[in-house]
Enquirer: 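I have a structure here, written as structure tokens, and I will follow up with some questions on it.
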Amino acid sequence: MTTIHKMQELQALAAERGPLCVGLDTDPSYLPESVIKSVGSATEAVLAYNKEIIRRIAADKSACCCKVQIAYYESMGLEGMKVYAKTLKAVQEAGLIAISDIKRGDIAATADAYARAHFTGDFETDIITINPYMGFDTLTPFTNYAAPEKGGKGVFVLLCTSNPGMTDIEHQELKAGGLLLERVGNEIARINEGYKTNYATQTCGPIGAVVGATQEADARRLRDQYPETFFLIPGYGAQGGAARIAATLLDRCGGTVNSSRGILCAWKKDAELEAKREAGGLSLADIADAAARNALFSKDDLLKAKASL
């Protein structure tokens, strides 16, 4: 039986359901106090909200995956990490791809422990994000899990991130020519080339790249430069990334476009909830409905932008 790697599964789901990735960077401060009180505790409210969002986007087929940023759960301590594990499980049980945004990167033995921690056991996920800037030898313990015998896991490597400070490092020119980020992109392509014998019939490699929707000057060049690399595209929505930039990055091999706060905090601007907001009477169902409406809007926005290219 042929193993379908997780990046291929994600590419197929993005084609079927649209490119939206819902970011579950769920900080308790994003929730109305009335909701936290009604559920019982901050961590319980976060889990309940996550599950309601996952249920709605799966039913609506408005997203292909969820990106769970581990920092928000680590900041809530042991109970927060239990919520993290339960959230990943809920995403996978809903038939969506779970992306763990962990951005790990360390020397080989430590990287191997990180890889085991997130590709097996309590925190097992489908795809992770990793940081290449300690050197390419630090990628190998993670990318080894893309092999069929290890479950065909996926990895997104930071390439062209969405933060303003990315120019401090990623845009630096090398003595040998080209930008540092291009050296990273070429390494991603090289690793994927090595997996072609394992996944000869699949339409993308198991190693993808993080490319922000905030860097318009880079979008067309990077999409054309790495036509066979699937992209994770942050920055759309609350970070100011435009749908037209995301649409450019969705060309060729495609990608998935993340929206976190725009969806999680949609209740703050939802016109249908104005009266309940003013009265302080919002329920969990109210804010989850607002998140689901924003997810559908975002999916439509991205697909329209893609169609207009």
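Heavy atoms only: backbone and side chains are in, while hydrogens, waters and symmetry mates are out.
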Enquirer: Has the side chain of Glu228 got a donor or acceptor atom that lies under 3.5 Å from a matching backbone atom of Ala189?
Expert: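 Not confirmed, Glu228 side chain does not pair with Ala189 backbone.
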Enquirer: Whether the Tyr199 and Asn192 side chains hold a donor-acceptor pair (N or O, under 3.5 Å, no angle test) is what I'd like checked.
Expert: no
Enquirer: Just verifying a value: how many Å separate Thr43 OG1 and Lys86 NZ, rounded to the nearest 0.5 Å?
Expert: 9.0 Å
Enquirer: Using a strict cut-off of less than 4.0 Å between a Lys/Arg side-chain nitrogen and an Asp/Glu carboxylate oxygen, indicate whether Arg277 and Glu272 qualify as a salt bridge.
Expert: no
Enquirer: Would you find a donor on one side and an acceptor on the other, under 3.5 Å apart, between the side chain of Thr125 and the backbone of Ala98?
Expert: yes
Enquirer: Can Ser298 and Asn294 be counted as having a side-chain donor-acceptor contact under 3.5 angstrom?
Expert: yes
Enquirer: Which of these passes salt bridge (Lys or Arg N to Asp or Glu O under 4.0 Å) with Lys276: Asp289, Asp286, Asp270?
Expert: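 Option passing the salt bridge (Lys or Arg N to Asp or Glu O under 4.0 Å) with Lys276: Asp286.
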Enquirer: Between Val68 and Tyr73, what is the shortest heavy-atom contact and its length?
Expert: CG1-CE1, 3.5 Å
Enquirer: Is a side-chain donor or acceptor of Thr248 paired with a backbone partner of Arg220 at a separation under 3.5 angstrom?
Expert: no
Enquirer: With no hydrogens and no angle check, just 3.5 Å: does a side-chain donor-acceptor pair link Ser260 and Gln69?
Expert: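 Side chains of Ser260 and Gln69: no pair found under 3.5 Å.
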Enquirer: Donor-acceptor pair, distance only, cut-off 3.5 Å: does the side chain of Thr129 make one with the backbone of Ile102?
Expert: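 Yes, the answer is positive, given that a donor and an acceptor are paired below the 3.5 Å cut-off.
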Enquirer: Determine, for Tyr145 and Lys150, whether the Lys NZ or Arg CZ falls below 6.0 Å from the six-membered ring centre while staying within 45 degrees of the axis.
Expert: yes
Enquirer: I need the Lys153 NZ to His118 NE2 distance, nearest 0.5 Å.
Expert: 12.5 Å
Enquirer: Consider only side-chain heavy atoms of I, L, V, M, F, W and Y, link residues closer than 4.5 Å, and tell whether Ile70 and Ile128 are in one cluster.
Expert: yes
Enquirer: Side chains of Tyr72 and Thr26: does their closest heavy-atom pair fall under 4.5 Å?
Expert: no
Enquirer: Against the six-membered ring of Phe231, is Arg223 placed for a cation-pi contact (under 6.0 Å from the centre, within 45° of the normal)?
Expert: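 The answer is yes; both the distance and angle limits are met.
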Enquirer: Would you indicate whether Leu309, at its atom CG, is surrounded by more than 12 heavy atoms from other residues, nucleotides or ligands within a distance under 6.0 Å?
Expert: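 Yes.
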Enquirer: Arg56 versus Arg293: any side-chain heavy-atom pair under 4.5 Å?
Expert: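 No. Closest side-chain heavy atoms not under 4.5 Å.
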Enquirer: Taking atom CZ of Arg17 and atom CG of Leu303, what is their separation to the nearest 0.5 Å?
Expert: 14.0 Å
Enquirer: Just by distance, do the side chain of Gln202 and the backbone of Thr3 share a donor-acceptor pair under 3.5 Å?
Expert: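 Looks like yes, one N/O pair under 3.5 Å.
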Enquirer: Hey, what do you get for OH (Tyr236) to CG (Asn258), rounding to the nearest 0.5 Å?
Expert: 11.0 Å
Enquirer: Taking the side chain as C-beta and beyond, is there a heavy-atom pair between Thr214 and Thr161 under 4.5 Å?
Expert: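 Thr214 does not reach Thr161 side chain to side chain.
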